[in-house]
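Below is one structure, written out as structure tokens, with a few remarks after it.
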Amino acid sequence: MKVELNRQRVHNDFTKKVELISGQNLFACYQCGNCTAGCPVSFAMEIGPHEAIRYTLLGLEEEVLRVNTFWLCASCLQCTSRCPKGIDIARVMDALRAVVLRKKEREDAIRVSELPEELLERAPQIVFVSGFRKFLS
Amino acid sequence: MEYLYFPGCTLNTKAKNFDLTARTCASHLGFQMKELSNWTCCGATFPLATDNLMALLPPSRILANAREEGTALTTLCAVCFNVLKRTNRLLQDDGEKREKINNFIEKHYEGDLRIVHYLEILKQDVGFPRIKEKLKKELGGLRIGAYYGCMLLRPFKEMAFDDKERPTLFEEFLEALGAKAVDFPYKTECCGSFQSVGSPDVATECARKILESAVKSGAEMIVSTCPMCTFNIDHKQMDIKAKYLHFREVPVLYFTQLLGLALGLETKALGFELNFVDPLPLLKERALL
């Protein structure tokens, strides 16, 4: 992905919003990549969690909100428990989700009406309750 | 010993076998589980956005109501356990949020319940030696992989359940039942969780890695503590099989079903009909039924 860096955008309002919602200081990240290495779903991510943090810190709002990284996060907290700088990365991923879901368009990340009938029959409630909390605005 | 018991939404329906076997085993082992008189779904996720107080209301209300009925609360589902324990911790530590939440739910709860998982009761309060005395059937070296998943353990400072990377409590439990606990590298890896509704293929892949890791390490069966994990690693074996032709099914049981089996419960009381991969052939082959 081609990104254009601009000094004015570093740690901009978007970054501050993510920091506020997640309660994390993104400057603490030194890009070791431990989060991405331990992430069970990083194989399907367009950029790793550590990259998503860097993009956010650089104020690249459009670029980072376009990728699937934070939507794929399963909140398993592997990254959180392994971060040598004590950043709760899962909270950062959830904050990125929140930034999108809280926009005034209130656009959901999944279409409930399109979920396959077979899944609705088989899956336990717990999957839907937690899934809807993570994907619906 | 009496514990208040929070079943949670899934144990009342799709994971009825988990609930029933746990209750029966408790009475065999001499402790009571008193179901809360008034409970709702816990929300099934601990909110990670720090300003999302709304998602803390259901677990807070459950805890506040429970405190009026007793002092120790147990639960079986790893997700419920995680949500209740973390919320309880937050209500203890964060005075500002506690006040806001209490004002909203019109309670005065201080976070002073003891939240304890059923496995912890077995180890700390009943004790594995006493369970051994009560066994009707030793599991005859059945090779079982103990799958912890994430929610029992992480975040480890708040959950304080066992070692964060190399927990052993579940294995000790299996050994106490006379099984051979198989250590496997993916035992604390995520099952894909709620991605089953977001990105089902990704969740299936997570499940496949866990199952193959356990089987490669020699497991003939896997035990779990969570209906969400169980859906992903048991029911989704159908999807894995459709994609990977060499994949061989492996039975996944709730740990209380295995405990019930060892305590000599009748087969029909173990609720195997709700398990997706049928464990009966393996159990019969080992003369455990």
Side-chain angles (χ1 to χ4, degrees), chain A residues 17-24 38-45 68 71-82 86 88-99 101-102 109-112 114-116 118-136, chain B residues 8-15 41-52 55 58 77 79-80 82-83 149-151 153-157 159 164-165 186 188-203 205-206 209-210 226-232 235-236 238 276:
Chain A
K17 197 196 286 179
V18 173
E19 286 190 328
L20 183 71
I21 299 176
S22 66
Q24 306 302 307
C39 176
V41 291
S42 62
F43 70 92
M45 288 176 172
N68 66 359
W71 294 115
L72 284 181
C73 170
S75 304
C76 78
L77 309 184
Q78 186 80 280
C79 50
T80 299
S81 59
R82 288 181 183 173
D88 193 334
I89 297 137
R91 283 192 189 270
V92 179
M93 295 302 122
D94 241 38
L96 289 169
R97 267 196 274 245
V99 168
L101 296 175
R102 291 177 188 182
I110 54 167
R111 300 253 165 278
V112 177
E114 287 167 21
L115 288 177
E118 171 253 12
L119 180 77
L120 299 178
E121 266 170 36
R122 279 165 67 202
Q125 297 85 331
I126 189 170
V127 173
F128 297 113
V129 177
S130 53
F132 292 174
R133 286 239 158 140
K134 298 284 185 181
F135 298 123
L136 302 184
Chain B
C9 54
T10 305
L11 272 82
N12 226 14
T13 48
K14 298 251 176 190
C41 169
C42 69
T45 45
F46 181 81
L48 295 177
T50 48
D51 56 357
N52 187 357
C77 165
V79 177
C80 301
N82 185 285
V83 173
C150 330
M151 294 289 110
L153 303 164
R154 295 192 283 266
F156 62 93
K157 268 194 195 138
M159 300 310 289
K164 57 171 166 164
E165 295 278 353
Y186 277 69
T188 65
E189 197 81 359
C190 175
C191 66
S193 175
F194 53 81
Q195 290 299 348
S196 287
V197 297
S199 308
D201 293 344
V202 172
E205 200 54 25
C206 291
K209 286 182 187 161
I210 293 161
C226 173
M228 175 115 82
C229 302
T230 301
F231 171 70
N232 284 329
H235 293 250
K236 293 198 89 175
M238 189 168 90
F276 179 74

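Protein chains get the first letters and strands the later ones, always in sequence-line order, with residue 1 at the start of each.
Using a 4.5 Å cut-off between heavy atoms, B:Met238 contacts chain A through its side chain alone, with no backbone atom that close. Only the side chain of A:Arg102 comes within contact range of chain B, judged by heavy atoms closer than 4.5 Å. Both the backbone and the side chain of B:Ala55 come within contact range of chain A, judged by heavy atoms closer than 4.5 Å. In this structure, chain B has a heavy atom under 4.5 Å from the side chain of A:Glu118, while its backbone stays farther away. Within the 4.5 angstrom heavy-atom criterion, atoms from both the backbone and the side chain of B:Thr10 approach chain A. At a 4.5 Å heavy-atom cutoff, B:Cys80 makes no contact with chain A through either its backbone or its side chain. Only the side chain of B:Lys209 comes within less than 4.5 Å of a heavy atom in chain A; its backbone stays farther off. Within the 4.5 angstrom heavy-atom criterion, only backbone atoms of B:Pro47 (N, CA, C, O) approach chain A.
Nearest heavy-atom pair, B:Ala49 versus A:Asp94, reported as atom, atom and distance to 0.1 Å: N-OD2, 4.1 Å. A:Gly23 approaches B:Thr50 most closely through the heavy-atom pair N-OG1, 4.1 Å. For the residue pair A:Arg133 and B:Pro58, the shortest heavy atom distance occurs at NH2-CG, 4.2 Å. Contact record, B:Thr188 with A:Gln78: O-NE2, 4.3 Å, taken as the closest heavy-atom pair. Taking each heavy atom of A:Arg91 and B:Leu48 in turn, the nearest pair found is NH1-O, 2.8 Å. Here the closest heavy-atom approach between residue A:Ala74 and residue B:Gly192 is recorded as CB-O, 4.0 Å.
Note on A:Cys39, A:Ala44, A:Cys73: by heavy-atom pairs under 4.5 Å with chain B, the leading option is A:Cys73. In terms of non-hydrogen atom pairs under 4.5 Å with chain B, the most contact-rich of A:Gln125, A:Met93, A:Gln24, A:Arg97 is A:Gln125. Heavy-atom pairs under 4.5 Å with chain A were tallied for B:Asn232, B:Thr230, B:Val202; the largest tally goes to B:Val202. Options A:Ala95, A:Ser75, A:Ala90, A:Ala98 differ in how many heavy-atom pairs under 4.5 Å they form with chain B, and the most are formed by A:Ser75. Contact count against chain B (heavy-atom pairs under 4.5 Å) is highest for A:Leu119 among A:Asp88, A:Thr80, A:Leu115, A:Leu119. By number of non-hydrogen pairs under 4.5 angstrom with chain A, the leading residue of B:Met151, B:Lys164, B:Glu205 is B:Glu205. Contacts with chain A were tallied for B:Val79, B:Asn82, B:Asp51; B:Asp51 has the most, counting heavy-atom pairs under 4.5 Å.
Between atom SG of residue B:Cys41 and atom CD1 of residue A:Ile126 there is a gap of 8.0 Å, rounded to the nearest 0.5 Å. Rounded to the nearest 0.5 Å, atoms CZ (A:Arg122) and NZ (B:Lys236) are 7.5 Å apart.
Side-chain atoms of B:Arg154 never come within 3.5 Å of backbone atoms of A:Ser81 as a donor-acceptor pair (strictly under, hydrogens ignored). Within the 3.5 Å criterion, the main-chain N or O of A:Leu72 finds a donor-acceptor partner in the side chain of B:Gln195.
Side-chain contact between B:Cys206 and A:Val41 is present, with at least one heavy-atom pair separated by less than 4.5 Å. In this structure, A:Leu77 and B:Pro155 have side chains that are in contact, with non-hydrogen atoms separated by less than 4.5 Å.
Among A:Phe128, A:Trp71, A:Phe135, the one residue that satisfies the ring pair (Phe, Tyr, Trp, His ring centres under 6.0 Å) test with B:Phe194 is A:Phe135.
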